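In this text, all values refer to a predicted model and were calculated from it rather than measured experimentally.
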Amino acid sequence: MLLAGVNILTIRLNANLIHGLLLTLLSSVAYGTVAILIKLAYSNNMQVMDILLVRYVVATICVFIFSIWKNPSFLRIKRSAFWKIIIVSSLFFIQSLLFYQSLKYLPVSTTVLIVYLNPVLISLFSILLLKKRISHLFIAALVLVIVGSSFIFFDAFSRQLNILGIGLAIATLIISAFSWIVVEKSLREINPLSSLFYTFLFMAILFGFNGRVANLLSWNANQLVVGFSLGLVPTAMSGICFYLAIEKIGVAYASLFSSFEPVFALIAAYFFLKEDIVNYQWIGSLLIVAGIILPNLTRNDL
């Protein structure tokens, strides 16, 4: 009986691992489409504020419907949490604007690879601001990421890519990393589903104040499809899948498996936008992914 119980538990654990892995990969693939859809939005003459407004309105509605089904009590959070979410939403508001603007001037591949230095910069901020310890593995990972980044920036400057676009991508990276540090400090005790919903809601409100709602009434079918897809796929679907993956396998495994987002983004840029992905970018992306994965391999919660 004991052996049978152990076997059943092992099967369940393996099933959870497989389901969590699939959910994380689905989340990564979904999020990897964001830059592709932004480029399609620009090609359809859509304005930044209008795109972002529709993206977060759609995402808010989708997450609300999912949350009501999953956990009807998700709307109840402490009043103090609202102010924290407003601060986080404001930072993500700035980050989104910078990211969207950078894609006006740079290829998807270059932008994504610069912005995806985010996990390492978050670690650096954690060391500087939260006084976390530096491990030998982290130093090795940092070297890998720096070398990988060198390939990316060498490619960008050798192709004489737009300096303003590179600056906007770097600014996106810095604001994004700082935003996640604030999230770690402020929202760690809030239900992730509640945090996701209210962050999307407040961002929709912020873009509603700055966007031109009347413009949306004149959108054609292509513009509506692109706007709806931005809210559904890389925002709501990606966020919900990652939340479900954390439930199955925990945040450590989910973060580890999600490290392949930039690779999916490169592949999507190659196939859907016909971007020329050069060897420097492939080498750089693999080094960056290796640098992100390495410190996670020895985490105690894996």
Side-chain angles (χ1 to χ4, degrees), residues 16 20 23-24 26-28 30-31 34 52-53 55-97 99 118-119 121-123 125-132 172 174-209 231-232 234-259 261 296 299-302:
N16 279 342
L23 284 165
T24 307
L26 181 58
S27 172
S28 298
Y31 191 77
V34 63
L52 285 162
L53 171 59
R55 177 185 179 183
Y56 286 104
V57 167
V58 171
T60 301
I61 294 170
C62 291
V63 172
F64 177 80
I65 293 170
F66 172 79
S67 302
I68 287 292
W69 168 75
K70 183 72 175 175
N71 179 14
S73 65
F74 81 102
L75 287 173
R76 292 198 296 268
I77 63 173
K78 295 179 181 178
R79 184 176 300 178
S80 60
F82 274 104
W83 293 108
K84 295 176 181 177
I85 292 174
I86 289 173
I87 292 170
V88 169
S89 300
S90 300
L91 289 170
F92 284 137
F93 172 85
I94 298 168
Q95 173 204 322
S96 296
L97 285 177
F99 181 59
N118 190 347
L121 195 58
I122 290 172
S123 298
F125 280 167
S126 297
I127 291 166
L128 295 173
L129 302 178
L130 305 181
K131 308 302 181 184
K132 292 192 175 181
T172 303
I174 295 170
I175 295 294
S176 175
F178 181 72
S179 299
W180 284 110
I181 291 294
V182 174
V183 168
E184 183 179 351
K185 289 289 288 182
S186 303
L187 304 184
R188 62 193 312 172
E189 296 178 359
I190 302 173
N191 181 300
L193 201 57
S194 304
S195 176
L196 189 69
F197 169 74
Y198 282 112
T199 299
F200 286 168
L201 175 63
F202 284 125
M203 289 186 72
I205 292 170
L206 286 171
F207 286 114
F209 283 131
L232 178 64
T235 316
M237 183 186 296
S238 177
I240 289 170
C241 286
F242 193 73
Y243 169 81
L244 293 173
I246 290 173
E247 279 194 334
K248 292 285 185 183
I249 57 177
V251 69
Y253 265 128
S255 299
L256 179 62
F257 293 144
S258 69
S259 301
E261 281 176 11
N296 289 299
R299 285 178 61 160
N300 294 328
D301 48 350
L302 283 177

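Separating the CG atom in Asn191 from the CZ atom in Phe197 is a distance of 12.5 Å, to the nearest 0.5 Å. With rounding to the nearest 0.5 Å, the separation of CZ in Phe99 from CZ in Phe92 is 13.5 Å. From Phe64, atom CZ reaches atom CG of Leu201 across 10.0 Å, with rounding to the nearest 0.5 Å. Considering OH of Tyr198 and CD1 of Ile85, their distance stands at 7.5 Å, rounded to 0.5 Å. A distance of 14.5 Å separates CD1 in Ile175 from CH2 in Trp180, rounded to the nearest 0.5 Å. Taken to the nearest 0.5 Å, the CG atom of Leu244 stands 4.0 Å off from the CZ atom of Phe66.
Judged as a side chain to side chain contact (heavy atoms under 4.5 Å, CB included), and not counting sequence neighbours, the contacts of Leu232 are Cys62, Phe228. Residues forming a side chain to side chain contact (heavy atoms under 4.5 Å, CB included) with Ala204 (at least two apart in sequence, or on another chain): Tyr56, Val57, Thr60. Residues satisfying the side chain to side chain contact (heavy atoms under 4.5 Å, CB included) test with Ser73, not counting sequence neighbours, are Asn71, Arg76. By the side chain to side chain donor-acceptor pair (under 3.5 Å) test, Thr235 is found to be paired with Arg55, residues two or more places apart in sequence or in another chain being considered. In terms of the side chain to side chain contact (heavy atoms under 4.5 Å, CB included) criterion, residue partners of Ser27 (sequence neighbours excluded) are, by chain and number, Ser238, Cys241, Phe242.
For residues 61-70, every residue pair satisfying the side-chain hydrogen bond (donor to acceptor under 3.5 Å, both in side chains) rule, not counting sequence neighbours, is listed here: Lys70-Glu247.
Closest non-hydrogen pair, Phe82 versus Ile77, comes out as CE1-CG1, 3.8 Å. Minimum heavy-atom separation, Pro234 to Val34: CB-CB, 3.6 Å. Contact between Leu206 and Ser89 at its shortest, heavy atoms only, is CD1-O, 4.0 Å.
Side chain of Tyr31 to backbone of Met237: no donor-acceptor contact under 3.5 angstrom is found.
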- request: Check step by step if side chain to side chain contact (heavy atoms under 4.5 Å, CB included) holds for Leu52 and Leu97.
  value: CA-CA 8 Å; Leu52 285 162; Leu97 285 177; 3.8 Å; yes
